[in-house]
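Note that the structure is a prediction, hence the values are computed from the model and not measured.
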Amino acid sequence: MAPSPKTIALVAIPKIVAVPSMLGSLYIIVDFARSRSSGAVASRKQSTNSTYNRLLAAMSCIDVLSSLCYFLGTWPIPKDTGTYLASGNAATCMAQGFWIQASMTVPFYNLSLSTYYLLVVKLGWKQRRISAIEKYLHGIPLLVGLGTSVAAACLDLFHNSNLWCWIAANEANDNNFQLYRWLFAYGPLWFSIIGCTVSMASMTRHVLATQRSGTIGSSLNNTDRKKSLRKQTVHQALSFVGALYLAWTFATVSRIVEATTGSIPYPLIVMFVSTLPGQGFWNFLVYIRPRYLRYLRNKKKNKKQDTKKEGGRGGQDKKNEKKEERNKTDKTYEDAGSSSREPSVQVGITSTDISAPKPSIGPSDNNDEESQDNGKTHKTERSTINIIDEGSC
């Protein structure tokens, strides 16, 4: 019998969502390893964040394994169940169910992160004191996640859960799987979520009260800087809690509806399989959020600096243009004055030379020459006047 389009969609969606979840978790792990190799985490500037980075890296390691199991989906389910794309056996089903149950480690790592934020921001703990309790921040999440996985495997609780192998009904006998789901999964899950919420509410209240009282720091600049840092820390912590809510809210609601009505509406199942397998991707978005915000601030700052530079260059260009215009005007006046003086001197010399007296040859010749000389003199004087007028213009 061919599967329905709805069944195909429910099988395909977790595979699609799990891929960016694995990649996002791997990015956090690689970034942490690269930072350690370059000495950035061990530096004095980053020393107070080393516990934070180790918690994130450990949480991401579990995310990679659980996302891989969600990506496998129905493949590890035993063939004889008749589930769409099922091609596994009891061993593969057990392995998939074990690591999906081990993903309970992630909510408790979120609780450890919330505890870390509370100790640093509200109580002002230094790295030395945090390092003393770091083993508990790692130990409790691993104990809950791996401990419940081992217990469920010993009780033979991992069976076909329709979309993957997890705590489910055993066809051979009644194994009280609904009870164990709440005892091993949803009970611890919402204990950690409530703990994260209480920690974040306490820290946020403290930061807001401190900002109103203005008691942080000794100088004004130091106060503003510390207020900004604490505000950014609160936003980052709340974002991690928001990612936790996004991953597990629809899963919890689905199980509550299933326990009370015996079935889950299809739209609710779609939301369930679209959010739970992507918990590594949601954490990745929160992880890169400070870097993205820093990039936007630097981009805005550089844009302002470029605008100021362009404005300065524009003002200087206008000054240079005005200076060039003044130089051109002064040069024009100088050329006009020199041209009005030089031709008059030359013409005056020429008119004097032409009007000079010459030896007399005879009466008639003298008269003729005088009339010619007078005519030449008048022509020369008229040309002199025309040249002077042209020069003055």
Side-chain angles (χ1 to χ4, degrees), residues 1-31 56 59-79 81-88 92-93 95-107 109-110 145 158-168 181 185-186 189 239-240 242-255 257-258 263-289 292:
M1 182 179 178
S4 65
K6 289 185 177 181
T7 301
I8 295 175
L10 291 179
V11 172
I13 290 174
K15 299 179 184 298
I16 297 173
V17 177
V19 171
S21 180
M22 284 189 290
L23 295 177
S25 299
L26 285 173
Y27 176 87
I28 296 175
I29 297 170
V30 172
D31 191 56
L56 274 178
M59 181 174 66
S60 298
C61 290
I62 302 297
D63 268 332
V64 170
L65 295 173
S66 61
S67 297
L68 176 60
C69 292
Y70 287 124
F71 173 78
L72 296 175
T74 58
W75 289 335
I77 297 175
K79 289 182 180 179
T81 59
T83 304
Y84 177 61
L85 295 182
S87 57
T92 58
C93 188
Q96 185 187 37
F98 182 91
W99 288 110
I100 287 180
Q101 175 60 31
S103 65
M104 286 296 106
T105 304
V106 176
Y109 262 116
N110 275 276
F158 297 131
H159 298 285
N160 177 19
S161 185
N162 296 324
L163 295 177
W164 44 70
C165 289
W166 188 50
I167 299 175
R181 281 183 175 181
Y186 292 103
L189 166 68
S239 297
F240 274 116
L244 182 63
Y245 272 101
L246 178 61
W248 287 99
T249 297
F250 292 105
T252 304
V253 174
S254 298
R255 297 308 179 187
V257 173
E258 182 184 24
S263 62
I264 308 175
Y266 182 77
L268 186 57
I269 300 177
V270 172
M271 297 302 299
F272 168 26
V273 300
S274 299
T275 54
L276 179 58
Q279 57 185 343
F281 181 68
W282 314 138
N283 290 331
F284 162 75
L285 293 180
V286 177
Y287 180 75
I288 64 170
R289 174 181 170 272
Y292 178 69

Visitor: Indicate the atoms forming the closest heavy-atom contact of Val286 with Ala243, along with that distance.
Guide: CG2-CB, 4.2 Å

Visitor: How would you list, by chain and number, every residue that makes a side chain to side chain donor-acceptor pair (under 3.5 Å) with Gln96, sequence neighbours excluded?
Guide: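 Testing Gln96 for side chain to side chain donor-acceptor pair (under 3.5 Å), a comparison that skips the adjacent residues, returns none.
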
Visitor: Quick one: list whatever passes ring-ring contact (aromatic ring centres under 6.0 Å, His included) with Tyr70, sequence neighbours left out.
Guide: Trp164

Visitor: Could you go step by step and tell me if Ser87 and Trp75 meet the side chain to side chain contact (heavy atoms under 4.5 Å, CB included) rule?
Guide: CA-CA 5 Å; Ser87 57; Trp75 289 335; 4.1 Å; yes

Visitor: Taking only residues two or more places apart in sequence, or in another chain, which ones meet Thr83 in a side chain to side chain contact (heavy atoms under 4.5 Å, CB included)?
Guide: Thr74, Ile77, Thr81, Ala86, Asn160

Visitor: Just to verify, what does Trp166 make a side chain to side chain donor-acceptor pair (under 3.5 Å) with, not counting sequence neighbours?
Guide: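 So Trp166 forms a side chain to side chain donor-acceptor pair (under 3.5 Å) with Gln101.
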
Visitor: List the atom of Arg255, the atom of Ser161, and the distance in Å for their closest heavy-atom pair.
Guide: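 Minimum heavy-atom separation between Arg255 and Ser161: NH2-OG, 4.2 Å.
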
Visitor: Provide the closest heavy-atom pair for Pro107 versus Ser103 in the form atom of the first, atom of the second, distance.
Guide: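 Taking every non-hydrogen atom into account, CD-O, 3.2 Å.
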
Visitor: State which residues pass side chain to side chain contact (heavy atoms under 4.5 Å, CB included) with Met59; sequence neighbours excluded, sorted by chain then number.
Guide: Leu56, Asp63, Val106, Tyr109, Asn110, Leu113, Asn283

Visitor: Sorted by first residue and then second, give each salt bridge (Lys or Arg N to Asp or Glu O under 4.0 Å) pair with at least one member in residues 263-276; sequence neighbours left out.
Guide: none

Visitor: Count the heavy atoms of every other residue, nucleotide or ligand shown that sit under 6.0 Å from OH of Tyr266, and state whether that count exceeds 12.
Guide: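 Counting other residues, nucleotides and ligands, OH of Tyr266 exceeds 12 neighbours.
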
Visitor: Under 3.5 Å, sequence neighbours excluded: what are the donor-acceptor pairs made by side chains of residues 245-253?
Guide:
from, atom 1, to, atom 2, distance (Å)
Tyr245, OH, Thr197, OG1, 2.6
Trp248, NE1, Gln279, OE1, 3.4
Thr249, OG1, Tyr245, O, 2.5
Thr252, OG1, Trp190, NE1, 2.7
Thr252, OG1, Trp248, O, 2.8

Visitor: So how far is it from Leu23 CG to Ile28 CD1, rounded to the nearest 0.5 Å?
Guide: 11.5 Å

Visitor: To the nearest 0.5 Å, how far apart are CH2 in Trp99 and CD1 in Ile62?
Guide: 6.0 Å

Visitor: For Phe284, what residues pass the ring-ring contact (aromatic ring centres under 6.0 Å, His included) criterion, not counting sequence neighbours?
Guide: Tyr27

Visitor: How long is the gap from CE on Met22 to CG on Leu65, to the nearest 0.5 Å?
Guide: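 With rounding to 0.5 Å, CE (Met22) is 10.5 Å from CG (Leu65).
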
Visitor: Please name the pair of heavy atoms, one in Ile100 and one in Cys69, separated by the smallest distance, quoted to 0.1 Å.
Guide: CG1-CB, 3.7 Å

Visitor: Please name all residues satisfying disulfide (SG to SG under 2.5 Å) with Cys93, sequence neighbours left out, ordered by chain then number.
Guide: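 For Cys93 the disulfide (SG to SG under 2.5 Å) partners, ignoring immediate neighbours, are Cys165.
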
Visitor: Please list, chain by chain and in numerical order, all residues satisfying side chain to side chain donor-acceptor pair (under 3.5 Å) with Tyr84, sequence neighbours excluded.
Guide: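 For Tyr84 there are no side chain to side chain donor-acceptor pair (under 3.5 Å) partners, ignoring immediate neighbours.
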
Visitor: Going by side chain to side chain donor-acceptor pair (under 3.5 Å), name the residues that satisfy it together with Ser67, two or more places apart in sequence or in a different chain.
Guide: Ser21

Visitor: Where is the tightest heavy-atom contact between Thr92 and Gly88, given as atom of each residue plus distance?
Guide: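 Closest approach of Thr92 to Gly88: OG1-CA, 3.4 Å.
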
Visitor: Stepwise, does the side chain to side chain contact (heavy atoms under 4.5 Å, CB included) test hold for Ile269 with Ser254?
Guide: CA-CA 7 Å; Ile269 300 177; Ser254 298; 5.6 Å; no

Visitor: Please tabulate, for the side chains in residues 5-20, all donor-acceptor contacts under 3.5 angstrom to protein atoms that are two or more places apart in sequence or on a different chain.
Guide:
from, atom 1, to, atom 2, distance (Å)
Thr7, OG1, Ser4, OG, 3.0
Lys15, NZ, Phe71, O, 2.9
Lys15, NZ, Leu72, O, 3.0

